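This report refers to the structure that appears directly beneath it.
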Amino acid sequence: AVRAASDEAVSAEVFDVMGRRVATLEAGTSAGAVVELGWTGADASGRALAGGVYVVQVRQGAERQVVKLTLLR
């Protein structure tokens with residue numbers, strides 16, 4: 001979940017361990033509220049990705065947050 005201080009666009013990109021972008025998540029604008037982004041574990045074409053470590057880069061306005069996650073299959 002992400003909380004933005006003002007109306008800012010919120011989006012996230014999911015990368016595999018090789019640095020390839022595998023998915024992009026768009027949440028629209030935050031309007032100063034908490035925004036939840038969900039990911040199904042699928043790539044941009046809807047195909048299920050293999051279990052493993054992925055890096056999620058969340059952007060809101062000029063700020064960026066990077067989170068590592070493990071996808072279990």
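The structure displayed is predicted, hence computed values, not measured ones.
Summarising the geometry of Gln57 relative to Phe15, their closest heavy-atom pair is CB-CE1, 4.1 Å, with the distance given to 0.1 Å. In plain terms, the two heavy atoms of Ala12 and Val56 that are nearest each other are CB-CG1, 4.0 Å. Minimum heavy-atom separation, Ala42 to Ala23: O-CB, 3.8 Å.
Without hydrogens or angle criteria, Arg73 side chain to Ala48 main chain gives no donor-acceptor distance under 3.5 Å.
Partners of Arg59 according to the side chain to side chain donor-acceptor pair (under 3.5 Å) rule, which considers only residues two or more places apart in sequence or in another chain, do not exist here. For the side chain to side chain contact (heavy atoms under 4.5 Å, CB included) test, residues two or more places apart in sequence or in another chain that qualify with Val67 are Gln65. The salt bridge (Lys or Arg N to Asp or Glu O under 4.0 Å) check on Arg20 picks up Asp16, with sequence neighbours excluded. Scanning for salt bridge (Lys or Arg N to Asp or Glu O under 4.0 Å) contacts around Glu63 gives an empty result, with sequence neighbours left out.
One hydrophobic cluster, built from ILVMFWY side chains closer than 4.5 Å, cannot hold both Val14 and Val55; they sit in different ones. Residues Leu71 and Val22 are members of one and the same hydrophobic cluster, defined by side-chain heavy-atom contacts under 4.5 angstrom among Ile, Leu, Val, Met, Phe, Trp and Tyr. Residues Val58 and Val53 do not share a hydrophobic cluster, clusters being chains of Ile/Leu/Val/Met/Phe/Trp/Tyr side chains in contact below 4.5 Å.
Pairs engaging residues 39-73 under the ring pair (Phe, Tyr, Trp, His ring centres under 6.0 Å) rule: Trp39-Tyr54 [sequence neighbours left out]. Note on residues 37-55: pairs passing salt bridge (Lys or Arg N to Asp or Glu O under 4.0 Å), not counting sequence neighbours, are Asp43-Arg47.
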